[in-house]
Number of protein chains: 2
Amino acid sequence: MQHHPQGARKSHSRRLLLTEIRRTGPVARIDLASRTGISRASVTTITADLLHEGLIEEVARKDPTPEQTRGRPRVDLKLRGAAHLVAGLKIANRAVSVALVDFEGALLGQREAPLPRPVNDARNLAEQLGQILDQALDGIGRTRGDLSAIGIGISGIVDAHRGFVYWSPSLVSRNLPFGQILTETLGKPVYLDNDTNLVALAEQSFGLGRGIDDFIVVTIESGVGMGIVLNGHLYRGTRGCGAEFGHTKVHLDGALCRCGQRGCLEAYVADYALLREAAISEPDQHPRPDEQRIEALLRAARNGQPTASSIVARAGRMFSMGLANLVNIFDPQLIILSGERMQLDHLYASEVIAAMRSSIVQIDKPPPEVMIHKWGDLMWAKGAAAFALGGVIETAIANGKPT
Amino acid sequence: MQHHPQGARKSHSRRLLLTEIRRTGPVARIDLASRTGISRASVTTITADLLHEGLIEEVARKDPTPEQTRGRPRVDLKLRGAAHLVAGLKIANRAVSVALVDFEGALLGQREAPLPRPVNDARNLAEQLGQILDQALDGIGRTRGDLSAIGIGISGIVDAHRGFVYWSPSLVSRNLPFGQILTETLGKPVYLDNDTNLVALAEQSFGLGRGIDDFIVVTIESGVGMGIVLNGHLYRGTRGCGAEFGHTKVHLDGALCRCGQRGCLEAYVADYALLREAAISEPDQHPRPDEQRIEALLRAARNGQPTASSIVARAGRMFSMGLANLVNIFDPQLIILSGERMQLDHLYASEVIAAMRSSIVQIDKPPPEVMIHKWGDLMWAKGAAAFALGGVIETAIANGKPT
DNA sequence: AGAATTAATTTGTAAATCAAATTAAATATC
DNA sequence: GATATTTAATTTGATTTACAAATTAATTCT
């Protein structure tokens with residue numbers, strides 16, 4: 001109820017139809033009418049506009065519905081991929097992933113390139129991103145000029161609305177208008193957000209969250225993150241530091257966390273948390289890389305070695321407790337556990353889910369479903385692309401000008 | 001995006017204006033236009049309708065704005081109280097409170113009556129409520145026929161959308177369509193919800209949450225409850241058992257809770273939690289009422305008695321931890337601590353708030369404000385009335401028929 | 001080939017909304 | 001005290017938006 005661009009009401013039906021087409025994939029006009037409540041006449045005229053502007057296109061109906069065998073066949077509509085090209089970038093610790101995605105959400109190209117240094121000056125990082133982006137574009141024979149927008153995910157604390165970064169492990173300085181810097185440097189509109197929020201967007205656009213209005217995505221990497229989708233929209237909090245699942249407290253004056261506080265969930269389930277416990281009983285003195293140590297620990301736990309089992313079991317129980325708290329607070333339809341690291345199976349284990357189920361308020365209705373979605377770094381980048389796509393669609397709705 | 005009554009779009013501007021008038025109190029047409037983005041012409045025609053239907057009325061401008069000293073003076077509009085009468089009922093353990101509220105939200109009458117038994121059969125309880133309601137109406141010379149709707153708050157687990165009660169301490173049976181039963185018995189549309197949700201609505205409509213889009217209300221009674229307002233709307237979860245703050249876990253395998261599980265926040269801060277710890281060192285054998293025992297405990301703690309201090313201090317620290325978790329998850333603008341029991345000062349103490357502040361993710365922006373709002377049982381009933389009012393406004397927007 | 005069926009479009013109409021012009025109600029100025 | 005000035009609210013006329021009903025299109029069934 002704040003500022004109102006003149007065309008806000010005008011485009012109401014347009015928005016409804018475009019988002020419905022986006023959500024439902026190929027869909028016939030008559031179904032659009034019944035689902036949105038807009039009359040068939042209006043659906044015809046508005047979709048005609050969208051077709052003319054090149055935002056959508058007609059496709060032959062794939063599934064000739066069993067019941068609908070007679071009469072004029074339906075013609076499906078879907079987003080027209082070629083209408084726009086967007087890029088999604090994920091800034092990781094020592095690498096950057098790029099996903100090039102068309103208006104339909106199809107992956108046209110990708111690239112992963114190393115970041116020489118994990119922490120960078122803002123302007124410098126922006127320029128490196130530009131180079132990697134151009135290489136990715138090169139790979140599919142396109143240029144930066146072809147892009148409609150760029151979405152970027154970065155870890156840390158970000159106010160996505162303003163593109164403001166309070167703090168990020170990837171940047172030397174705090175409190176930067178990094179979104180603005182990126183827009184200037186890259187020459188295209190940049191949508192910047194915290195990376196875990198973008199995973200939630202990716203699940204909503206391309207993944208297990210499609211068509212679900214209230215769900216939570218928990219990401220398990222070296223830390224523990226969360227994205228919250230309520231009423232079909234990503235909830236970001238008011239300052240940009242919500243959804244900090246990893247730093248919710250699960251023990252009063254508990255284990256020391258990287259953030260300096262005590263009792264954070266992360267301080268019980270993250271790699272470093274497991275390793276510092278394991279260190280006590282580790283036989284060998286010569287240092288091994290953390291990856292190997294974690295793997296050895298988990299292997300020992302699976303083999304029933306008591307100390308290792310105890311360490312891993314506690315992590316799992318703390319994690320269940322954290323999940324149960326989310327359910328007790330949000331009562332979502334679905335929880336998606338998302339991570340790319342296969343070795344973290346102990347957190348995805350059925351005992352962990354079962355423990356969560358027994359720690360929530362019990363009612364005579366099934367508890368929220370829990371789904372596990374393992375995917376690679378690329379999907380973070382696709383999430384960033386989904387964010388950019390959202391922005392592009394907004395402007396497409398507002399403008400109503402041909403492409 | 002589910003079902004679409006034919007008049008959904010028609011009433012778009014109507015809704016916008018009516019809700020803006022409700023939110024802003026007396027407001028001039030020209031301000032309505034600038035705030036909603038609707039043209040002055042349309043504001044005139046739509047408000048003329050609303051005036052004609054008796055939903056709003058003109059009032060002389062109270063504050064002759066310093067700057068606006070020349071020209072035709074503005075005429076303020078506000079909701080017309082007489083347009084509708086609603087009742088709000090709060091079902092407590094051994095009592096029922098009734099608030100009679102007009103369309104503007106003004107309290108016209110109230111009543112509190114004892115409930116002979118705390119747990120009742122649904123139909124029986126509905127009839128008792130009807131009697132108490134009629135007595136309250138009698139007190140202001142009105143009858144049940146004058147009511148437009150009734151809002152009712154009950155503790156337990158409620159799916160407000162369907163008016164379905166999974167479980168309530170006030171009812172003998174589980175899984176009842178209690179809302180339906182009430183509508184039938186009372187002969188007026190009943191809006192039924194969990195009582196803590198209604199406190200949040202009360203804060204939003206009449207209290208500290210006015211004009212705030214994202215806030216959380218934590219209620220401290222014998223248990224600990226929560227209401228969540230996000231994007232200006234009460235968030236209820238998908239099954240009706242969200243916002244169970246009292247049963248979020250703050251300790252793995254911790255203290256035993258009334259709900260049968262372990263480690264619930266409630267099991268550390270509720271009356272019974274304090275008393276069972278105090279019992280160990282209580283000198284006297286002859287049983288005293290719980291109220292007195294709690295008071296004695298808190299007095300002893302204030303006087304520095306070590307055991308009592310330790311008990312009360314731990315409750316406070318656990319509570320801070322729970323609050324910090326809410327902030328880390330929601331990042332709200334405001335947290336309202338709401339309760340009527342003055343003796344619970346230890347939970348409102350500045351050390352508790354400070355401990356919460358130091359347990360949240362730190363960024364270079366001030367943490368959410370914490371406000372303390374002590375109020376009586378009547379405000380629960382007013383919250384129920386606010387819920388009913390919301391329903392009445394919805395139908396008023398949809399119908400567009402004179403009163 | 002014609003009837004039946006269902007989807008999509010066209011046509012004419014009702015409504016919602018707006019920009020611009022006009023009127024209303026006050027103060028300021030001479 | 002009459003007139004100019006200022007600002008709010010309304011009226012007017014036009015435009016846009018959306019719809020119901022009628023029509024056309026593209027099928028299958030008989």
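The model shown is predicted, which means the values in this text are computed figures rather than measured ones.
For the pair Asp76(A) CG and dT27(D) P, the interatomic distance rounds to 14 Å; values are reported in whole Å. A straight line from NE2 of His12(A) to P of dC18(C) spans 15 Å, rounded to a whole angstrom. Whole-Å rounding puts the Arg40(B) CZ to dT12(D) C1' distance at 15 Å. Following rounding to the nearest Å, Leu77(A) (CG) and dA7(C) (P) show an atom-to-atom distance of 14 Å. Between the CD1 atom of Ile56(A) and the C1' atom of dA8(C) there is a distance of 14 Å, given to the nearest Å. Rounded to whole angstrom, the span from the CD1 atom of Ile397(A) across to the C1' atom of dT17(D) amounts to 17 Å. Taking atom CG on Leu17(B) and atom P on dA16(C), their separation rounds to 13 Å, with Å as the unit. Rounded to whole Å, the distance from CZ on Arg61(A) to P on dT6(C) is 14 Å.
Checking the phosphate oxygens (OP1, OP2) of dC19(D), a side-chain nitrogen or oxygen of Ser42(A) falls inside 4.0 Å. For the pair Ser39(B) and dC18(C), the criterion of a side-chain N or O lying under 4.0 Å from OP1 or OP2 is met.
When distances run from any side-chain atom of Arg72(A) to the nucleotides dA26(D), dA18(D), dA8(D), the shortest one goes to dA26(D). Which of dT10(D), dT10(C), dT17(C) sits closest to the side chain of Thr44(B) comes down to dT10(D). For Ile30(A), counting side-chain heavy atoms from C-beta on, the closest listed nucleotide (dA20(C), dA8(C), dA24(C)) is dA8(C). The side chain of Ile46(A) approaches dA18(D) more closely than any other nucleotide in the set dA26(D), dA18(D), dA8(D). Minimum atom distance to the side chain of Arg29(B) is reached by dT10(D), of the listed dT10(C), dT24(D), dT10(D). Here dA18(D) is the nucleotide among dA18(D), dA8(C), dC18(C) with the atom lying nearest to any side-chain atom of Ser13(A).
Note on Val43(A): nothing from the nucleic acid sits closer than 4.0 angstrom, heavy atoms only.
A parallel orientation is assigned to the rings of His12(A) and His12(B), their planes being inclined by less than 30° (bins at 30° and 60°).
Using a 4.5 Å heavy-atom threshold, the side chains of Leu85(A) and Leu147(A) count as touching. No side-chain heavy atom of Val199(B) sits under 4.5 Å from any side-chain heavy atom of Met379(B). Asp193(B) has its side chain within reach of Arg236(B): a pair of non-hydrogen atoms, C-beta onward, lies under 4.5 Å apart.
Under 4.0 Å is where a charged nitrogen must lie from a carboxylate oxygen, and between Glu57(B) and Lys78(B) at least one such pair does.
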